[in-house]
Colleague: 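Mind looking over this structure? Questions follow.
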Amino acid sequence: MSGNAWRSTLIKLLERCGVRINDASRTTEVSRVMGAIKTQSPQPRTFSRGIQTVTLIPGDGIGPEISTAVMKIFEAAKAPIQWEEKNVTAIKGPGGRWMIPPEAKESMDKHKIGLKGPLKTPIAAGHPSMNLLLRKTFDLYANVRPCVSIEGYKTPYTDVDLVTIRENTEGEYSGIEHVIVDGVVQSIKLITEDASRRIAEYAFEYARNNQRTSVTAVHKANIMRMSDGLFLRKCREVAENFKDVKFTEMYLDTVCLNMVQDPSQFDVLVMPNLYGDILSDLCAGLIGGLGVTPSGNIGANGVAIFESVHGTAPDIAGKDLANPTALLLSAVMMLRHMGLHGYAKKIETACFDTIRDKKVLTKDLGGNSKCSEFTADICRRVQDMD
Amino acid sequence: MMAAALRGSLVTLAKGLSGARLQPLCARSLSLTSSQNVSESPPARADSTFKVTMVPGDGVGPELMTAVKEVFKAADVPVEFEEFHLSEVQNMASEEKLDEVLSSMKNNRVAIKGKIHTPMEYKGELASYEMRLRRKLDLFANVVHVNSLPGYSTRHNNLDLVIIREQTEGEYSSLEHESVSGVVECLKIITREKSRRIAKFAFDYATKKGRSKVTAVHKANIMKLGDGLFLQSCAEVAELYPKIKYENIIIDNCCMQLVQNPYQFDVLVMPNLYGNIIDNLAAGLVGGAGVVPGESYSAEYAVFETGARHPFAQAVGRNIANPTAMLLSASNMLRHLNLEYHSNMVSEAVKKVIKQGKVRTSDLGGYASCDEFTRAVISNLAV
């Protein structure tokens with residue numbers, strides 16, 4: 001309905017309820033009511049009743065094994081999740097553009113939440129990487145990676161607890177490159193107001209919803225004065241609306257310098273694409289590598305895909321040697337996103353306890369057990385917790 | 001017969017000796033006449049002083065330069081400094097000042113400098129003074145020596161890396177424009193000529209210093225043309241150096257490996273922005289921005305500075321900065337000027353103070369001030 005139709009309907013409704021609206025305050029009152037109805041306050045959706053269906057994309061290589069492991073653990077925890085498995089292999093759609101299969105797209109649009117295993121990018125297939133395709137299809141603009149030190153998996157850095165939020169659609173990875181003359185190549189880095197504002201808003205909302213105290217914008221505005229300057233300006237503007245979260249800004253090189261000396265000083269970091277790529281992998285290295293790091297991609301229209309960021313490991317595929325920790329922790333992140341904090345805490349504690357115990361660890365964590373034994377141990381712990 | 005052969009071999013030996021002595025002299029920019037009177041016996045004391053351009057810069061730069069001057073005076077080092085105060089943030093910048101610095105550099109060929117801070121706001125010019133200085137002098141290679149200090153332990157000990165970074169092009173090209181309102185484009189330029197030049201520099205450096213491996217750092221899986229060209233140039237140059245192992249690694253994996261297992265790297269070569277990141281990361285691994293020396297080279301000039309370049313404005317006037325990086329860099333400068341004796345004297349003194357552990361600045365966990373550390377270094381000079 002158009003604005004005017006809304007307004008007159010509301011006025012009639014309010015008059016019927018007995019609220020007298022005199023002409024002077026009519027427009028302001030009604031506008032306020034309209035605003036309240038139309039604003040979608042970003043709250044984590046709670047699914048306290050009913051089973052939520054989630055699209056599961058097992059992936060390639062060790063993908064199917066670790067997906068099965070995660071499904072088993074969720075079953076043992078009696079989490080209200082139902083899985084719908086879909087395959088994403090690129091197909092050539094009408095018009096010659098590569099796209100993901102329509103059933104997969106429909107499933108994601110319907111359920112809004114997805115869990116993805118590692119996808120391999122064939123080198124000479126002619127189509128862009130699958131991750132890029134998914135990103136473009138669902139406009140996944142934010143990549144969130146919480147990095148928390150895992151007790152029991154020793155690294156030289158023991159007190160890491162930070163989240164990197166990376167803008168995922170533009171920046172240095174716009175893919176616009178030209179050969180100007182033979183031997184001179186120009187690569188374009190694109191920064192737009194809208195994308196910067198969107199990612200800054202997401203970062204502050206994330207900080208608010210997850211009880212984080214500060215957000216730090218990472219940039220290089222002293223060198224790339226216009227582009228990173230724009231990103232920084234947008235972050236500052238958005239920070240004005242979120243006075244309860246502390247906002248700081250820091251140069252990228254200072255962040256790197258301090259990160260390897262004392263990572264405990266950082267909380268939530270927000271940054272453009274390239275810096276985010278580098279910093280999020282740096283932080284993953286601090287806690288033990290990509291095999292234990294969860295990751296989530298948030299898109300427009302409420303779509304969220306959680307994934308494990310390691311490779312497909314074709315050399316150990318099918319041998320029951322894989323480590324499902326990364327996919328499991330991403331699934332836990334998914335539960336938190338959906339508001340199912342109880343189940344999330346249960347599964348996460350079981351996983352960390354198993355790793356801390358060191359009795360049934362997979363090879364990459366330093367042990368000798370199989371994936372199925374690791375999974376069984378976590379399932380047992382989850383069931384014991386009930 | 002024997003005597004003649006012996007004489008002949010003695011003559012060639014003498015020729016070889018004097019030839020070896022003359023060669024490094026030619027590389028230096030000072031009057032040859034007085035130094036040819038240098039005696040054979042060590043310690044060789046030059047009879048004339050070298051002139052070096054000094055640009056203290058912003059932040060703690062002036063304090064660090066004072067430390068260098070004091071140590072040099074105490075060690076009786078034959079170096080004379082020509083100071084220029086060039087700064088963008090303190091309103092001491094002008095085109096004439098820049099030209100003065102450049103002409104001084106052209107005469108002296110060697111400089112020592114602090115960081116000239118780049119403010120975020122710009123008035124017309126997108127390139128900062130530091131960038132312009134680099135471009136005008138064509139300081140294309142930045143070398144940072146990442147060495148663990150004996151006596152100061154960090155999470156990773158016994159590190160010995162060299163990071164070589166291309167300093168004139170790449171992401172720092174200062175070519176930005178707002179094509180549509182709200183959309184800003186920043187250009188990153190990679191050229192084959194400069195990539196080949198930095199790759200050749202890296203391999204030459206590795207050969208000269210006896211290093212075994214050179215690793216190129218890139219992101220060619222995403223920036224296929226740009227970093228692809230860089231990678232291709234490195235591979236082409238690598239073929240000319242069969243004795244040195246060549247590898248390549250993607251920047252995000254490189255960062256991850258540096259924090260998990262930095263010992264797998266030896267010499268790293270990379271374009272501009274990645275160099276900035278890895279310089280600072282590696283500096284953090286051995287103790288921070290206060291302990292890592294670095295230098296910038298062009299075909300004709302050498303500029304010595306700290307490895308991780310930060311003005312550290314919060315420490316101005318508080319006398320807490322750590323002069324180790326600047327002193328080690330000054331020692332490298334003395335080695336470049338072939339004042340081996342003085343170079344070793346300064347670096348040994350600094351390392352001795354750090355190893356003893358009694359006098360340490362706050363970034364290394366101690367309570368000493370910058371002055372106290374400098375005095376400790378002076379008292380440890382083995383004159």
Side-chain angles (χ1 to χ4, degrees), chain A residues 121 129 155-157 172-194 219-232 251-262 273-275 277-286 288-290, chain B residues 117-122 126 128 131 154-156 171-172 174-178 181-193 219 221-230 251-253 255-260 273-274 276-285 287-289 308-310:
Chain A
T121 305
S129 85
T155 57
Y157 302 89
E172 297 82 348
Y173 293 11
S174 51
I176 312 172
E177 293 184 293
H178 321 102
V179 179
I180 308 178
V181 208
D182 176 44
V184 179
V185 175
Q186 156 189 311
S187 180
I188 297 189
K189 161 178 163 163
L190 209 64
I191 299 273
T192 54
E193 252 185 56
D194 290 333
H219 63 97
K220 264 214 99 49
N222 53 347
I223 301 289
M224 288 180 254
R225 290 167 167 180
M226 276 174 91
S227 30
D228 280 356
L230 175 62
F231 177 79
L232 203 56
Y251 291 133
L252 174 64
D253 44 9
T254 315
V255 171
C256 285
L257 188 65
N258 293 339
M259 181 75 79
V260 289
Q261 295 185 289
D262 180 23
N273 215 333
L274 176 70
Y275 315 149
D277 192 8
I278 297 174
L279 269 183
S280 56
D281 275 3
L282 176 62
C283 299
L286 295 177
L290 295 178
Chain B
H117 182 58
T118 335
M120 282 198 275
E121 302 76 32
Y122 54 98
L126 278 175
S128 62
M131 275 308 298
T154 54
R155 292 181 177 101
H156 309 273
E171 296 82 349
Y172 289 27
S174 312
L175 295 162
E176 294 179 286
H177 52 270
E178 192 162 356
S181 159
V183 176
V184 176
E185 283 183 5
C186 173
L187 302 179
K188 161 179 164 164
I189 311 282
I190 302 270
T191 55
R192 183 176 294 136
E193 188 192 321
K219 190 85 191 163
N221 51 346
I222 303 285
M223 288 184 257
K224 298 188 168 76
L225 289 180
D227 283 354
L229 180 60
F230 179 78
I251 172 80
D252 39 9
N253 192 17
C255 287
M256 204 178 339
Q257 296 301 322
L258 273 171
V259 289
Q260 295 187 301
L273 179 68
Y274 311 147
N276 188 217
I277 296 172
I278 305 261
D279 277 348
N280 282 276
L281 216 167
L285 292 177
R309 301 185 277 222
H310 299 268

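So you know, we letter chains A, B, ... as the sequences are listed, proteins then strands, and number each from 1. FYI, side chains are in, hydrogens and waters are out, and symmetry mates aren't considered; it's all heavy atoms of this structure.
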Colleague: Under a 4.5 Å heavy-atom cut-off, does chain B meet the side chain of A:Leu290, its backbone, both or neither?
Modeller: both

Colleague: Report yes or no: does A:Gln186 contribute a side-chain atom to a donor-acceptor pair with the main-chain N or O of B:Leu187 at less than 3.5 Å?
Modeller: no

Colleague: Kindly compute the distance separating OG1 (B:Thr118) from CG (A:Asn222), expressed to the nearest 0.5 Å.
Modeller: 5.0 Å

Colleague: Do B:Arg309 and A:Asp253 meet the salt-bridge criterion of a basic N to acidic O distance under 4.0 Å?
Modeller: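 No, A:Asp253 and B:Arg309 are not salt-bridged.
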
Colleague: Heavy-atom cut-off 4.5 Å, strictly under: side chain, backbone, both or neither for A:Ile188 against chain B?
Modeller: both

Colleague: Side chain, backbone, both or neither: which part of A:Tyr157 has a heavy atom under 4.5 Å from chain B?
Modeller: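 Both parts, backbone and side chain.
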
Colleague: Taking every heavy-atom pair that is under 4.5 Å apart, which of A:Asp182, A:Asn258, A:Asp262 has the most such pairs with chain B?
Modeller: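 The option with the most such pairs is A:Asp182.
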
Colleague: Tell me, for B:His177 versus chain A, whether the close heavy atoms (under 4.5 Å) come from the side chain, the backbone, both or neither.
Modeller: backbone

Colleague: Quick one: which of A:Lys189, A:His178, A:Lys220, A:Glu193 has the most heavy-atom pairs under 4.5 Å with chain B, could you say?
Modeller: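 Most heavy-atom pairs under 4.5 Å with chain B: A:Lys189.
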
Colleague: Counting N and O atoms only, with roles assigned by atom type, does the side chain of A:Gln261 sit under 3.5 Å from a partner on the main chain of B:Gly287, one being a donor and the other an acceptor?
Modeller: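 Flag set: sc A:Gln261 to bb B:Gly287 pair under 3.5 Å.
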
Colleague: Between B:Val259 and A:Gly285, what is the shortest heavy-atom contact and its length?
Modeller: CG2-C, 3.7 Å

Colleague: Testing the basics here: between A:Ile278 and B:Cys255, what is the closest heavy-atom pair and its distance to 0.1 Å?
Modeller: CG2-SG, 3.4 Å

Colleague: Contact part of A:Leu252 toward chain B, heavy-atom cut-off under 4.5 Å: side chain, backbone, both or neither?
Modeller: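 For A:Leu252, the side chain is the part near chain B, not the backbone.
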
Colleague: Out of B:Leu225, B:Val183, B:Thr191, return the one with the most heavy atom pairs under 4.5 angstrom to chain A.
Modeller: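 The residue among B:Leu225, B:Val183, B:Thr191 with the greatest pair count is B:Leu225.
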
Colleague: What's the separation between atom CE in A:Met226 and atom CG in B:Leu175, rounded to the nearest 0.5 Å?
Modeller: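 Going from the CE atom of A:Met226 to the CG atom of B:Leu175 covers 11.5 Å.
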
Colleague: Just by modelled atom types, is the B:Glu176 backbone N or O under 3.5 Å from a matching donor or acceptor in the A:Arg225 side chain?
Modeller: no

Colleague: Please determine, among B:Glu193, B:Gln257, B:Met256, the option with the most heavy-atom pairs under 4.5 Å with chain A.
Modeller: B:Met256

Colleague: Run the side chain to side chain contact (heavy atoms under 4.5 Å, CB included) check on B:Ile189 and A:Val184 step by step: do they pass?
Modeller: CA-CA 7 Å; B:Ile189 311 282; A:Val184 179; 4.0 Å; yes

Colleague: Measure across A:Leu274 and B:Met223 and return the closest heavy-atom pair with its distance rounded to 0.1 Å.
Modeller: CD1-CE, 4.4 Å

Colleague: Could you check whether any side-chain N or O of A:Glu177 sits under 3.5 Å from a backbone N or O of B:Gly226, counting only pairs where one atom can act as donor and the other as acceptor?
Modeller: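 Yes; judged by distance alone, with no hydrogens or angles, the pair exists.
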
Colleague: Do you know which two heavy atoms are closest between B:Gln260 and A:Gly289, and how far apart they sit?
Modeller: NE2-N, 3.4 Å

Colleague: Considering only heavy atoms, which portion of A:Ser280 lies under 4.5 Å from any heavy atom of chain B: side chain, backbone, both, or neither?
Modeller: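 Neither part.
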
Colleague: Report which part of B:Tyr274 has an atom under 4.5 Å of a heavy atom belonging to chain A: side chain, backbone, both, or neither.
Modeller: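 Contact with chain A is through the side chain of B:Tyr274 alone.
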
Colleague: Can you name the nearest heavy-atom pair linking A:Gly183 to B:Leu229, along with the distance?
Modeller: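 Closest approach of A:Gly183 to B:Leu229: O-CD2, 3.7 Å.
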
Colleague: For chain A, which candidate among B:Pro119, B:Ala283, B:Ala308, B:Ser128 shows the most heavy-atom pairs at distances under 4.5 Å?
Modeller: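 With the most close heavy-atom pairs to chain A, the winner is B:Pro119.
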
Colleague: For chain A, which candidate among B:Asn276, B:Ile278, B:Asn280 shows the most heavy-atom pairs at distances under 4.5 Å?
Modeller: B:Asn280

Colleague: Please determine, among A:Cys256, A:Ser227, A:Cys283, A:Ala284, the option with the most heavy-atom pairs under 4.5 Å with chain B.
Modeller: A:Ser227

Colleague: Do the side chains of B:His310 and A:Thr254 get nearer than 4.5 Å, heavy atoms only?
Modeller: yes

Colleague: Distance from B:Glu178 atom CD to A:Leu230 atom CG, nearest 0.5 Å?
Modeller: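 Here the interatomic distance stands at 7.0 Å.
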
Colleague: Can you measure from CD1 (B:Ile277) to CG (A:Leu279) and round to the nearest 0.5 angstrom?
Modeller: 7.0 Å

